[in-house]
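Below you'll find the structure, written out as structure tokens, and then a few comments.
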Amino acid sequence: MKRIHIEASHAYDILIGRGLLNCLGQKTAECVGVCTAAVIADDTVFSLYGERAEEALRSAGFRVVHFVFPHGEASKTLETYGRALNALCRERLTRSDVIVALGGGVVGDLAGFVAATYQRGIRFVQVPTTLLAMVDSSVGGKTAVDLDAGKNQAGCFHQPSLVLCDPELLATLSEEEYRCGCAEVIKYGVLGNAAFFEQLRQTPIREQYERVIEVCVTMKRDYVMADEFDFGRRRMLNLGHSVAHAIEACSDFGILHGQAVATGMAVIARAAAAKGICTEQTRDRLLEILKQYDLPGETKLPLDALYQAALSDKKLSGATMHLIVPEEIGRCRIESIPASQIRDWMYAGGIR
């Protein structure tokens, strides 16, 4: 088992190891004590792992309740959030209890926001069940739900008490969800680890899950500890995301987050090459690895619609957009541009 420690406003550990789901009760008790645990999951994950998670908690002495909602980004709403809060009230949870977020990024974001706001804050444990959640969204304390105006528009920072990553849970991932996680893994190589990027080219991610999770989480740990509340260096983790969130919104979330991130990275790489920020070789290396992992690099969504969606993105600071732009594989920079220039960057990146 690997243990990665994060010193943030609330310090906690990320545990990585096969079979850890069976230790959920023990590890949670060591962290927060024995109390009532509310498992929040979507219907797909709960059918796969809910019984095991609840049994692990009960065997450690926890009283266990659960809230289950329909899977998918369409459920990450204020309506689902409100139903979850009311479910906790009915079960009489207190601030001394704990929420267990069992699932992928949607579950982690929503359950984390519930934890951050229920009775002004309750402890929670992240148990990610997708590759994308294990390497990225379960770590760092970002919680949110979507609004009509855009993705993750209502949320706050609320660090978990523990993150438990069990690679055995990835055995039930669909091929589509696996590829979505690969997009976020590739992002870390492009951002700041050229040697890791090369390893991803040589060895399939699914053949090195534990190492991949450890490398990505360690990198994210460093970004979070340097800039917990996302005003500076942590923005680097948004590589590809400004375009990605626009793609998700314009597709009515029919395009998954990882697919959109892959396309967003490709668009930014093409634009960076066109503007002389990176070489054509750097651009091509990124496009080639996306193709290697069967990830999209283009979108047929119209430029004007994507531009308007990008103007609603929460990454705007006043009238400024902070784009993360590759200079070479393993090194990126923040390019702060007027919001009015986002359309030009999208066009330079191949969007029409």
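Both backbone and side-chain heavy atoms feed into the values below; hydrogens, waters and symmetry mates do not.
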Between Arg234 and Lys142, is the side-chain contact (heavy atoms from CB on, under 4.5 Å) condition met? List the steps. CA-CA 12 Å; Arg234 187 173 176 176; Lys142 284 187 176 181; 3.5 Å; yes

Donor-acceptor pair, Asp13 side chain versus Leu15 backbone, under 3.5 Å?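 A pair under 3.5 Å: no.
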
Are [X] and [Y] packed together at the side-chain level, in the sense that at least one heavy-atom pair is separated by less than 4.5 angstrom?
X: Cys156; Y: Thr143; value: yes
X: Ile268; Y: Pro326; value: yes
X: Val98; Y: Phe62; value: yes
X: Tyr188; Y: Asn193; value: no
X: Cys180; Y: Gln259; value: yes
X: Arg123; Y: Ile99; value: no
X: Val224; Y: Gln159; value: yes
X: Glu210; Y: Lys2; value: no

Run the salt bridge (Lys or Arg N to Asp or Glu O under 4.0 Å) test on Glu214 and Arg211 for me, step by step, so that the C-alpha distance in whole Å, both residues' side-chain angles and the decisive distance to 0.1 Å come before the verdict. CA-CA 5 Å; Glu214 181 183 1; Arg211 167 158 176 76; 5.5 Å; no

Verify whether one side chain among [X] and [Y] offers a donor that lies under 3.5 Å from an acceptor in the other.
X: Glu30; Y: Gln26; result: yes
X: Glu91; Y: His66; result: no
X: His257; Y: Glu73; result: no

Check step by step if salt bridge (Lys or Arg N to Asp or Glu O under 4.0 Å) holds for Arg285 and Glu328. CA-CA 10 Å; Arg285 290 182 70 197; Glu328 61 183 28; over 6 Å; no

So which atom in Arg270 and which in Leu287 form the shortest heavy-atom distance, rounded to 0.1 Å?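 Distance-wise, the nearest heavy atoms are NH1-CD2, 3.7 Å.
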
Ala272 versus Val325, closest heavy-atom pair with distance: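 Shortest heavy-atom contact: CB-CG1, 3.4 Å.
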
Test log, rule side-chain contact (heavy atoms from CB on, under 4.5 Å), inputs Lys187 and Leu237: CA-CA 8 Å; Lys187 177 192 78 175; Leu237 295 169; 4.2 Å; yes

Ion pair present between Glu198 and Arg201, side-chain N to carboxylate O less than 4.0 angstrom?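 The answer is yes: the pair qualifies as a salt bridge.
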
Is there a salt bridge (Lys or Arg N to Asp or Glu O under 4.0 Å) between Lys300 and Glu298? Walk through the geometry before answering. CA-CA 7 Å; Lys300 294 182 179 179; Glu298 298 178 343; over 6 Å; no

Taking the six-membered ring of Phe69 as reference, does the cationic atom of Arg83 (NZ for Lys, CZ for Arg) lie under 6.0 Å from its centre and within 45° of its axis?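 Negative - Arg83 is either too far from the ring of Phe69 or too far off its axis.
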
Please report the interatomic distance CD1(Ile40) to CG(Leu102), rounded to the nearest 0.5 Å.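 These two atoms lie 10.5 Å from each other.
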
When rounded to the nearest 0.5 angstrom, what is the spacing between CG in Leu131 and CD1 in Ile213?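 Between Leu131 CG and Ile213 CD1, I get 6.5 Å after rounding to 0.5 Å.
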
Could you walk me through whether Tyr49 and Val127 pass the side-chain contact (heavy atoms from CB on, under 4.5 Å) test, one step at a time? CA-CA 11 Å; Tyr49 299 116; Val127 186; over 6 Å; no

Centroid-to-centroid, Tyr81 to Phe113, below 6.0 Å?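 Between Phe113 and Tyr81, which both carry aromatic rings, the centre distance is below 6.0 Å.
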
So that I know where these two stand, are His10 and His158 an aromatic pair - ring centroids less than 6.0 Å apart?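 No.
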
